[in-house]
Protein chains: 2
Amino acid sequence: MEAIHPQTIALIRKLESIAHLTPEETAALQRLPLHLKTVAADQDIVSEGDTASECCLIVAGFACRYNITAAGKRQILSFHISGDIADLQSLHLTVMDHSLGALIPCKLAFIQHDDLRALMRAHPRLGDLFWRDTLIDAAVFRQWVVNVGRRPALTRMAHLLCELLVRLRAVELVEDHAFDLPVTQADLADAMGLSNVHVNRVSQELRKLGLIAFQGKTLRVLDWEGLKTTGEFDPTYLHLAKKDAL
Amino acid sequence: MEAIHPQTIALIRKLESIAHLTPEETAALQRLPLHLKTVAADQDIVSEGDTASECCLIVAGFACRYNITAAGKRQILSFHISGDIADLQSLHLTVMDHSLGALIPCKLAFIQHDDLRALMRAHPRLGDLFWRDTLIDAAVFRQWVVNVGRRPALTRMAHLLCELLVRLRAVELVEDHAFDLPVTQADLADAMGLSNVHVNRVSQELRKLGLIAFQGKTLRVLDWEGLKTTGEFDPTYLHLAKKDAL
DNA sequence: CGGTGATTTGACAATATTCAAATTCGGTGG
DNA sequence: CCACCGAATTTGAATATTGTCAAATCACCG
């Protein structure tokens, strides 16, 4: 009998945010064999060009996928939080076309592709759910294309913060409209396709508008409706199952 | 016995570009029930907010997925060509978070979700292949984030043209480094997050550099190596099975 | 406290946008 | 076959947004 892994709690919470799980499915997820690991801040978890035979579940921390252009500029492609399998696509695209890096120290749990495949064979609905998860991933990429391509800097930043709040709330990491945002303005700049200087100015403006406030590394949303309006934010693209309090 | 549908040739060619198909799989694809339809230029095929129960195979033409921002600006998210199932994601994300529109008159073949599900049940490898296809879709979105977020306009346009050439060549729509590009500069602008005026200037520069030439609506790549270099183009992210002549 | 990294500020430059008008292209009808 | 029409492309000038560089201040951690 395999052990029950407490690290899967985050994963189960995440999957429950996008679909319903049966007790059998939950139990099967809890029995997934895991290889635990911690990585320091600014370390690559998987690098562009690598051939993957396992997927990386973020148990705790804050990670991102990114690419470096020929000109040496970094573009962050997505942020990943507790419960995310950040490189689920490696199941069918074994060579990495981007890197996965830790933005702060992270607790990780690696799952062998073979174990995932066995799980999906035994529980086809979980297979569909994992597929759905990668499709939501893609929906987020699409919104980022819109954000970076067509929204001015202030709107862009508001939108990104809205997305983070909703995603973090889905896995119960938001309390009273406040959450940990343990990244630098330079990281945010690389996510939004802006310079760090400009992010700083836009961040100040969001604060002057009374929409947000920083208390150290925790971000408090002071005016959720205002932030959503400023960010033109519509959470449909996150395809959450529980649509409460959006 | 179901009929064999010639419209599936494009789909089969496309799928063969990203994986190998067995004769049985090919035969099963050819028997897929199709609803044929044609749409005029600038018509929506599926609109944001719609609930989908079928997927749209592009048999011929040129389509795009797009979003309109609150400020009324359009961001094109992807271009779709012969052989693409442009909204395969609707299989697991039934409400559309973006629209699918025809850029020129298109021949379409709609496939019911139920028929696709039956096909995948009978041929699990095809299920994996469709999943893989949506993952490549996501990989393209990621590259577009990089393109729009971190590459200057000239590089951005070169990269987009490289991508189109490689994708079109994979379905045998490129002859002698030339292909049909039946879209306006305004369409390209909306794909790259630029203004139409700037696209015009950048297009002129690519021509002055001797990298490309237009003959009406057909684009001829005069210097493929140069265009790849200018566009910082690495086709890995397209995850093609046949890597010849990249 | 001291030092390192993050944030903030200011001045200036570069890139891209907007607006408006001119030109070219492609198709259509006389 | 040519004239004409609307759409697409091209051009120019002025403007806006964002980037770059450099320095100053702030904040956290040992």
>> By nearest atom, which of the nucleotides dT10(D), dG19(D), dA6(C) is closest to the L194(A) side chain?
In response: dG19(D)
> Which nucleotide sits closest to the side chain of S195(A): dT9(D), dT20(D), dG12(D)?
Replying inline: dT20(D)
> Roughly how many Å is it from CG in N196(A) to P in dT9(C), rounded to a whole number?
Replying inline: 14 Å
> Over how many whole Å does the gap from R151(A) atom CZ to dT17(D) atom C1' extend?
Replying inline: 17 Å
> What nucleotide among dA16(C), dA6(C), dT11(D) has an atom nearest to a side-chain atom of K217(A)?
Replying inline: dA6(C)
> For K73(B) and dT17(C), is the shortest distance between a side-chain N/O and OP1 or OP2 below 4.0 Å?
Replying inline: no
> Taking the nucleotide of DNA chain C with the closest heavy atom to each, which residue, R150(A) or R201(A), is nearer the 5' end?
Replying inline: R201(A)
>> If you compare every side-chain N and O of Q204(B) against the phosphate oxygens of dT11(D) (OP1, OP2), does one of them come in below 4.0 Å?
In response: yes
> Does OP1 or OP2 of dT7(C) have a side-chain N or O of N200(A) closer than 4.0 Å?
Replying inline: no
>> Let's see if you can work this out: which of dT7(C), dT9(D), dT11(D) has an atom nearest to the side-chain heavy atoms of T184(B)?
In response: dT9(D)
> dG10(C), dT18(D), dT10(D): which one has an atom nearest the side-chain heavy atoms of A153(A)?
Replying inline: dT18(D)
>> Looking only at the side chain of V197(B) (C-beta and beyond, no hydrogens), which of the listed nucleotides dC19(C), dT9(D), dA22(D) gets closest?
In response: dC19(C)
